[in-house]
Structure formats: structure tokens, C-alpha cells
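Below you'll find the structure, written out as C-alpha cells, and then a few comments.
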Amino acid sequence: VSIHSFRGGTGKSNFTANLASQLAASGKRVGVIDTDIQSPGIHVLFGLNEAKMGHTLNEFLRGECTITEVAFSVGENTGDAEGRKKLQGKLLWLVPSSINSGEISRVLRDGYDVNRLNEGMQKMIKELKLDYLFIDTHPGLQEETLLSIAISDILLIVLRPDQQDFQGTAVTVDIARSLDVPNLFLIVNKALSKYDFKQVSEQVTSFYDAPVAAVFPLSEDMVDMGSADIFSLRYPDHIWSKALREVAQKIMEVG
């Protein structure tokens with residue numbers, strides 16, 4: 001399952017972490033891989049910093065370790081955050097990218113072999129016996145993004161109700177169709193409360209001729225949390241969390 005957005009700032013990583021956590025909490029074996037190597041961030045939601053990270057995707061791509069050596073068991077290391085504690089004992093693994101400035105500069109300078117990335121993802125699915133692997137992509141359209149889209153059974157494109165997002169998402173949808181992605185869903189995030197969400201969903205569906213899995217409100221509660229926890233697990237009755245579970249249900253129905 002690839003989670004993508006044409007531009008940054010859509011809330012893609014937060015959405016990915018919450019969606020993966022919901023499926024893991026339901027008893028699924030779930031992996032998350034942060035392929036946003038240039039600007040990684042999803043590790044924060046799982047309580048990781050540079051000191052706790054251990055091996056990273058960067059090291060795997062250089063052949064310095066195996067992909068399973070990178071995989072961090074969230075269920076065994078939830079920490080004290082109220083939401084993450086609900087993942088205690090659950091089968092959820094995260095492959096983080098390095099947040100070391102030198103490592104990021106090295107990737108930007110030298111690049112990496114996307115074929116090795118693909119091999120690593122396939123091996124991770126096999127060795128950890130995953131039901132779902134979520135790929136948090138880098139915004140825009142690069143070689144590694146096209147790879148993750150091409151190998152995905154499900155592609156979720158996150159966009160805001162914003163004209164720049166609308167135009168860029170149209171390009172992504174066209175490319176996904178050219179790559180024959182089996183299941184494509186749109187996620188509208190950060191919609192203002194004054195909007196009619198049903199109308200937004202209908203307009204976006206019509207514009208792209210693609211299904212909208214859910215429309216998410218711009219939530220001050222989530223902004224206030226500052227990525228310190230898994231929001232949907234901490235506040236399961238929140239409108240944002242309810243929408244998230246609807247998407248999780250769609251993913252399980254498809255997969």
C-alpha cells in the first residue's frame with residue numbers, strides 16, 4: 001500500500017502512521033517503510049529519535065545490513081505515549097530513514113539503487129510474513145516513487161482542498177493509471193469545518209473519476225498533539241479517527 005501526495009504538507013506521514021497502527025491494532029501483521037529519504041519524519045510518530053533508531057534504510061541501501069535488521073518492532077517499544085501503548089504486543093514494524101544530516105546529504109549527492117529498495121520491500125514482506133506493507137513515499141514524482149506506485153496493490157493519494165494540490169494530483173492519478181495500479185483511492189485531508197464534506201467528496205470524485213475513501217477535517221486537536229502520538233488510538237471517538245477507521249476498513253476489504 002503506497003501512501004503518496006504530489007506536494008508536501010498534506011499530512012501524509014501522520015495518515016500513514018495512523019492507518020498502519022489501526023490495522024496492527026486489529027491483529028494484522030503490518031510493516032511501514034519510510035522511503036521519504038530526503039525528508040524523513042514518520043519515525044517521530046512511533047517515538048523514535050536518532051539515538052533510538054538503530055539501523056536505518058540508508059544503511060540497507062548501501063548493503064551494510066539486512067532489511068530485517070533495520071525493522072524496528074513498535075509493539076515491543078511503544079514507550080509511554082497513551083495511543084502507542086495500545087500497540088503493545090502488536091505485530092508492527094517500522095523501517096526508518098536516517099535523520100542524520102550527513103546521511104541525507106549523501107543520498108542527495110549519490111542517490112541509491114531503487115532495485116535494491118524493491119528487493120528489500122519484497123524480502124521484508126516475506127520474512128516478517130506481513131499482511132500489509134505501507135510505503136510512506138517522498139512527495140512529487142521521482143524514480144523511487146514511480147517504483148513504489150508500480151508495485152503497489154493499493155495506492156492512496158492524499159491531497160488538500162487546494163488548487164495546487166488538485167493540479168498535481170491529476171498528474172499522479174494519470175501516472176497511476178498508466179502503471180495499472182489495481183486499486184486507487186483519494187484521501188482529502190485538512191478540509192475546513194465549514195465545508196460540506198459530502199459535496200467535497202462528490203466534487204473530487206467527479207474531477208478525477210476516482211473514488212474518495214474519506215474526507216478528513218483540519219483538526220486543531222491533531223495539530224496540538226504535534227506528532228507526539230498516534231492520534232486515532234489516543235482519541236478513538238474523534239471525528240478524524242472515525243474517518244481513519246473507515247479507510248482502514250476499505251483497505252481490509254480490498255486486501
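As the structure is a computational prediction, the values presented were derived from the model and not from experiment. Counting begins at 1 with the first residue of the sequence.
In summary, the side chains of Ser97 and Asp34 do not present any donor paired with an acceptor at a separation below 3.5 Å, with no hydrogens or angles considered. Under 3.5 Å, the side chains of Ser232 and Gln22 contain a donor-acceptor pair of N or O atoms.
Relative to the ring axis of Phe60, Arg116 places its NZ or CZ within 45° and under 6.0 Å from the centre.
Between Gln249 and Glu253 there is a side-chain heavy-atom pair separated by less than 4.5 Å. At least one side-chain heavy atom of Met225 sits less than 4.5 Å from a side-chain heavy atom of Arg234. With a 4.5 Å cut-off on side-chain heavy atoms, Arg106 and Arg62 count as touching. The side-chain heavy atoms of Leu19 and Leu156, taken from C-beta on, include a pair separated by under 4.5 Å. Side-chain atoms of Trp240 and Asn18, non-hydrogen and from C-beta on, do get closer than 4.5 Å to each other. With a 4.5 Å cut-off on side-chain heavy atoms, His138 and Thr35 do not count as touching. A heavy-atom distance below 4.5 Å is not found between the side chains of Phe72 and His43. The shortest side-chain heavy-atom distance between Asp221 and Phe231 falls under the 4.5 Å cut-off.
Side chain of Arg29 to backbone of Leu91: no donor-acceptor contact under 3.5 angstrom is found. Looking only at distances, no side-chain donor or acceptor of Asp224 sits under 3.5 Å from a matching main-chain atom of Glu220.
Across every non-hydrogen atom of Cys65 and Thr56, the tightest pair is SG-O, 4.3 Å. Scanning all heavy atoms of the two residues, the minimum distance from Ser5 to Thr137 falls at N-OG1, 4.4 Å.
With hydrophobic clusters built from ILVMFWY side chains whose heavy atoms lie under 4.5 angstrom apart, Leu159 shares a cluster with Leu192. Transitive grouping of hydrophobic side chains (ILVMFWY, heavy atoms separated by less than 4.5 Å) keeps Phe46 and Ile99 in distinct clusters. Hydrophobic clustering, with ILVMFWY side chains joined whenever heavy atoms are under 4.5 angstrom apart, keeps Val70 apart from Val44. Residue Leu45 is not grouped with residue Val223 when hydrophobic side chains (ILVMFWY) are merged at heavy-atom distances under 4.5 angstrom, including chains of intermediate members.
Here the CD1 atom belonging to Ile251 is positioned 8.0 Å from the CG atom belonging to Asn183, to the nearest 0.5 angstrom.
Applying the 6.0 Å contact sphere to CG of Asp80 captures no more than 12 heavy atoms from other residues, nucleotides or ligands. Counted within 6.0 Å of CG on Leu179, heavy atoms from surrounding residues, nucleotides or ligands total more than 12; the atom is thus considered enclosed.
Annotation: ring pair (Phe, Tyr, Trp, His ring centres under 6.0 Å) contacts involving residues 164-198, sequence neighbours excluded, comprise Phe166-Phe207.
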